[in-house]
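Below is one structure; the comments refer to it alone.
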Amino acid sequence: MEYDFRAIEQKWQEYWRKQGIYKTDIDPRKPKFYVLDMFPYPSGAGLHVGHPLGYIASDIYSRYKRLKGFNVLHPMGYDAYGLPAEQYAIQTGQHPALTTRNNIERYREQLDKIGFSYDWDREIRTCEPEYYKWTQWAFIRMFESYFDTQEQKAKPIAALVAKFEKSGSENINAAATQELKFTAAEWKAKTEKEQQELLLNYRIAYLADLKVNWCPALGTVLANDEVSEGLSIRGGHPVEQKIMRQWSLRVSAYAQRLLDGLDLLDWTESLKETQRNWIGRSEGAEMKFHFAQGCPAAEKCPAGFDVFTTRPDTIYGVTFMVLAPESPLVQICSTPQQASEVEAYLEAVKKRTERERIADRRVTGVFSGSYAINPISGTEIPVWISDYVLAGYGTGAIMAVPAHDSRDFAFSKHFDLPIIPLIEGADVSEESFDAKEGIMINSGFLNGLSVKEAIVKTKEYISREGIGQVKINYRLRDAIFSRQRYWGEPFPVYYKDGMPYIIDEKQLPLELPEIDKFLPTETGEPPLGRAKDWTYSSADNAAIYPLELNTMPGFAGSSAYYLRYMDPKNDRALVGKEANEYWRNVDLYIGGTEHATGHLIYSRFWNKFLFDLGYVCEEEPFRKLINQGMIQGRSNFVYRIQGSNTFVSLNLKDQYETTPIHVDVNIVSNDVLDIEKFRNWNPEYKQAEFILEDGKYICGWAIEKMSKSMFNVVNPDDIVDKYGADTLRLYEMFLGPLEQSKPWDTNGIDGVHRFLKRFWGLFFEGDKLSLSDDAPTAEELKTLHKTIKKIEKDIESFSFNTSVSAFMICVNELHALKCNKRSILEALSILLAAFAPHIAEETYHLLGHTRGSVCNAPWPVYNEEFLKESSLTYPISFNGKVRFTLDLPADMLPKDIEKVALTNEQSQKYLEGKTPRKIIVVPGKIVNIVL
RNA sequence: GCCCGGAUGGUGGAAUGGUAGACACGAAGGACUUAAAAUCCUUUGGCCUCACGGCUGUGCGGGUUCAAGUCCCGCUUCGGGUACCA
């Protein structure tokens, strides 16, 4: 009987849907298991074969856990807000909601064909009001909260206001944008507007003037993780720095907790390391410098200024100071003599885009004219201004130690500033010595100490003397949360007297209004400025206020989506208590590495915040995380002879001057070009001529990113049409280790398909179902139980490629044994159900289970007994080289094995009459005779 | 520059320190067939040998060990991430 995968797959997909097989509910009698895929952004291009890789892996794991008796939550949804739909809307006028809906439908169709076990009743779309109501709600909670640095947790802003009223800014321990000092009386004397402005300094969701990544081409600001090397990740447009009033989330307050939390997570070390670097904790000291007597700056700023350093031990080597061009100190420092030079420099810096700055590492800077005093050595040192110091990190001012910092070194060389070596034996004539090791010299009271000792001693000294304090800095910045875009969540915010206020929570969701064009207004306001009646009325209707015109960024909707899946229909809470306490958090999260510093930081932050307020019961959202590798494209090339329309086959191309041209991989099979299809592919090639080898046109190939422009996109539907979903699922897994990146290469898919046919063949004799009820033989049982053991171990360790091999070995062995025993095939069907659910369901029913589903079958119990061998094959090696093997009884003692091995006639040849110096017998493994 | 991964046949890949190359693709040969497809069987790291068998072999160079693809040290190289973060 032929394996008719089309009929089988269609039949069971329909059955599962009708029976609601994948519907999940809270069941206190069963242990829960939550398996989550990073939900996709539904792009217009649809899914390519790379997307389902992770989904297949998580589906196998979900099905396995379910067969093992767990109550598995395995949902799917769409990250539906985003720039591409809006860009498309700008170009075509098509509403992004419509494009998004169409794309989602297409995604759903593609996903359905692969036979996933998602509970679609729990589907969420981030652009639906029922969903984004809770994104807005969370924003309100953040607006209404501040972060207590003492207790390291979020608290209601009302508690902070109470402190202000009692004792002003004294001992408030609140994470803040700026450190402010005021008394209770001063607070009370402020107008409401002033109070509101001041509170923004502490709110977790706050509005502030910030230096942002402005992308003119996209017309919006971008978060740090949305920019790479001065270009936007989406679209690759240049990004520049600009000061704008923007919503931000005080993620930086959570830096330490985000760092500490990593230790408890079952994530790969490299991913945790990426997050640690992104958080960038550095321990050092903040030290106060004063301006030198006689400098105008000394009068303007008698309090001096702070610098942050991780190397307080190098204080005696400070030969100049550097300020960031954006630092407010720049104005204070510039002397009249230097004013014009400073001004010119600031202008030049302002003109450079972020990208130019990165690309062009020239040393630039200007002397301010002022001098500072080294607080420990008392030396007078010049204050410079340079863009190698960043305003956003530390205090925006540094003490430069050219001998032991490569950036300071480059600067001092360029401007010919002195370099004082501080470490014994360090040669700093050519480059700085940056390592934190060695013995201190030229350093007053630190001389003779090791660097580490000197760091500790300097910290003690400066704290004691009141020069400075020990300080921890983080690289992690607050997340900019405004986008000057249409297609995103509206902020539940209105403005009164220029100050933001939250709309009444009962009015959530605040729905995205319709607009006529998806472009900024003529006056340069965001697209929402075009909406009619985009206003908010006070409760008594006495006043009408304008609503916020920005929308939220892409990561807003994806930060807590995993919570919503637990309780997707709840209209009273993001997630109900019962559902949250049952499902708790994600046990297994599978997705790409590209979210390492964006989504995976934001959602950890978001979750910790909700945890602080008592809305969720787990502090970390994703217990175990696996990054699936990328599926790269395998592009094909044809070689056109230059200046002609003639194409030459790969192995003959070197005889001509050729240009390689990408050719659609879908008209190439095993690197052989379908010439007819090629001619029809593009009118330009209608008349193409070919120089063939062996009557075929062989294409060249290369591994590249899978993308439309490379013509190497392979669509899962095409594979499903040709081979079936089960083959696709198995083949994607068979390709190699899940976490490794690998090219999609269809060569080899036949092997997997053949395996399924062989498995199918075990059930039939000709066209007739043929199953035996006889007891299985020892050999059959051994094959089965070996397989159970291997599959279980491989699934647990996410080694799905080797489990597919194990299935192949099993079927090959059963085939050789001509096994058609019901009990063996039944167990095997259940094992296979996690990987190839359609064929497994069919065979399970063929075996007589006419009612239920293989999805709910009990996982076969592995029995060690069947694997016991009466004899073992020992490799006998001489000096580590295996020469022959011996079959010996399994229970033979090592000393007897030794005897048998030595007296064996084959051994005589290798012993060459010598007496062995040593004999190693590893029971069950090997014998090594050392001569 | 820094931080993570890798490097094994023609290809994808497998191997708790214990017979390297499982499983699959491809290739070659054979069976079945009028023929093809499908299916089945055999061979397949390299070199030497009719064969038995031997030598060699996991990016390179050292080391530890009875035994190293696996552990340690030093390189080469290819990916990925990140970067004036003081």
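Computed over heavy atoms, backbone and side chain alike; hydrogens, waters and symmetry mates excluded. In what follows, chains carry the letters A, B, and so on, assigned in the order in which the sequence lines appear, proteins first and then strands, with residues in each chain numbered from 1. It should be emphasised that the depicted structure is a prediction, and the values quoted were computed from it without experimental measurement.
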Original post:
So what's B:C55 paired with, Watson-Crick or G-U wobble, going by both distances under 3.5 Å?
Top reply: B:G46

Original post:
Reckon A:Phe734 touches a base, only the sugar-phosphate, or nothing at all at heavy-atom distances under 4.0 Å?
Top reply: base

**OP:** Determine if the base of B:G61 is syn or anti; take syn to mean the glycosidic torsion is within 90° of 0.
**Re:** anti

Original post:
Is A:Thr314 reaching over with its side chain to a backbone N or O of A:Gly317, donor-acceptor style, under 3.5 angstrom?
Top reply: no

Original post:
Which part of the nucleic acid does A:Arg276 contact within heavy-atom distance under 4.0 Å: base, sugar-phosphate only, or nothing?
Top reply: nothing

Original post:
A:Thr873 side chain: which of B:C66, B:A14, B:U19 is closest?
Top reply: B:U19

**OP:** Mark yes or no for whether A:Lys818, through its side chain, and A:Leu762, through its backbone, hold a donor-acceptor pair below 3.5 Å.
**Re:** no

Original post:
How long is the line joining CE of A:Met630 and C1' of B:G80, in whole Å?
Top reply: 8 Å

Subject >> Among B:A83, B:A86, B:C55, the one nearest A:Trp278 by side-chain distance >> reply: B:A83

**OP:** Would you classify A:Pro743 as touching base, sugar-phosphate or nothing, given that sugar-phosphate means primed atoms plus P, OP1 and OP2, and contacts are heavy atoms under 4.0 Å?
**Re:** nothing

Subject >> Distance in angstrom units between A:Met808 CE and B:A24 C1', rounded >> reply: 6 Å

Subject >> Nearest-nucleotide pick for A:Thr309, side chain only, options being B:A86, B:G26, B:G18 >> reply: B:A86

**OP:** Figure out the CG/P separation between A:Asp408 and B:A86, and round it to whole Å.
**Re:** 12 Å

Subject >> Nearest to side-chain heavy atoms of A:Phe308, which nucleotide of B:A14, B:U19, B:A86 >> reply: B:A86

**OP:** Answer with base, sugar-phosphate or nothing: what part of the nucleic acid does A:Thr268 contact at a heavy-atom distance below 4.0 Å?
**Re:** nothing

Original post:
For residues A:Gln906 and A:Arg883, is any side-chain donor paired with an opposing acceptor at under 3.5 Å?
Top reply: no

**OP:** Spell out yes or no: do the side chain of A:Asn747 and the base of B:C25 have one donor N/O and one acceptor N/O closer than 3.5 Å?
**Re:** no

Original post:
OP1, OP2 of B:A86 versus side-chain N and O of A:Ser282: anything below 4.0 Å?
Top reply: yes

**OP:** Just call it for A:Asn801: base, sugar-phosphate, or nothing, with non-hydrogen atoms closer than 4.0 Å on any strand.
**Re:** sugar-phosphate

Subject >> N/O donor-acceptor pair under 3.5 Å between A:Tyr723 side chain and A:Ile749 backbone >> reply: no

Original post:
With side chains defined as the heavy atoms from C-beta onward, is the minimum distance between A:Phe320 and A:Met399 less than 4.5 Å?
Top reply: no

**OP:** Ignoring backbone atoms, test whether A:Lys918 places a side-chain nitrogen or oxygen under 4.0 Å from the OP1 or OP2 oxygen of B:C66.
**Re:** yes

**OP:** Nearest whole angstrom, please: distance from the P of B:G13 to the CH2 of A:Trp744.
**Re:** 13 Å

Subject >> Among B:C3, B:A86, B:U56, the one nearest A:Asn277 by side-chain distance >> reply: B:C3

Original post:
A:Ile920 side chain: which of B:C23, B:A86, B:G18 is closest?
Top reply: B:G18

**OP:** Grab the CG-P distance between A:Leu756 and B:A38 for me, whole Å please.
**Re:** 16 Å

Original post:
Nearest to the side chain of A:Tyr393 - B:A86, B:G18, B:A14?
Top reply: B:A86

Subject >> Whole-Å gap separating C1' (B:A86) and CZ (A:Phe289) >> reply: 12 Å

Original post:
Which nucleotides of nucleotides 39-44 of chain B have their base under 4.0 Å from a protein heavy atom (B), which only their sugar-phosphate (S), and which neither (-), written as one string 5' to 3'?
Top reply: SSS---

Original post:
Does A:Lys925 make a side-chain donor-acceptor contact with the base of B:U16, cut-off 3.5 Å?
Top reply: yes

Original post:
So which nucleotide does B:G18 pair with, by the Watson-Crick or G-U wobble rule with both distances under 3.5 Å?
Top reply: B:C66

**OP:** State which of B:A83, B:G13, B:A86 makes the closest approach to the side chain of A:Arg475.
**Re:** B:A83

Subject >> Closest to side chain of A:Ser270, choosing from B:C23, B:C4, B:C85 >> reply: B:C4

**OP:** Give a yes-or-no answer on whether the side chains of A:Ser282 and A:Tyr393 include a donor-acceptor pair shorter than 3.5 Å.
**Re:** yes

Original post:
Which of these passes side-chain contact (heavy atoms from CB on, under 4.5 Å) with A:Asn627: A:Leu738, A:Thr593, A:Ile590?
Top reply: A:Thr593

Original post:
Does A:Gln740 make a side-chain N or O approach to OP1 or OP2 of B:G13 shorter than 4.0 Å?
Top reply: yes

Original post:
Counting only N and O atoms by type, is there a donor-acceptor contact under 3.5 Å from the side chain of A:Ser432 to the main-chain atoms of A:Ser406?
Top reply: yes

Subject >> Side chains of A:Asp408 and A:Tyr388, donor plus acceptor under 3.5 Å >> reply: yes

**OP:** Please report, rounded to the nearest Å, how far the P atom of B:C66 is from the OH atom of A:Tyr910.
**Re:** 23 Å

Subject >> Distance, rounded to the nearest Å, where A:Glu269 contributes CD and B:G81 contributes C1' >> reply: 15 Å

**OP:** Identify whether any heavy atom of A:Val930 sits under 4.0 Å from a base atom; if not, whether one sits that close to sugar-phosphate; answer base, sugar-phosphate or nothing.
**Re:** sugar-phosphate

Subject >> Among B:U19, B:C84, B:U56, the one nearest A:Lys881 by side-chain distance >> reply: B:U56

Original post:
Does the pair A:Lys790/A:Glu792 count as a salt bridge with the N-to-O cut at 4.0 Å?
Top reply: no

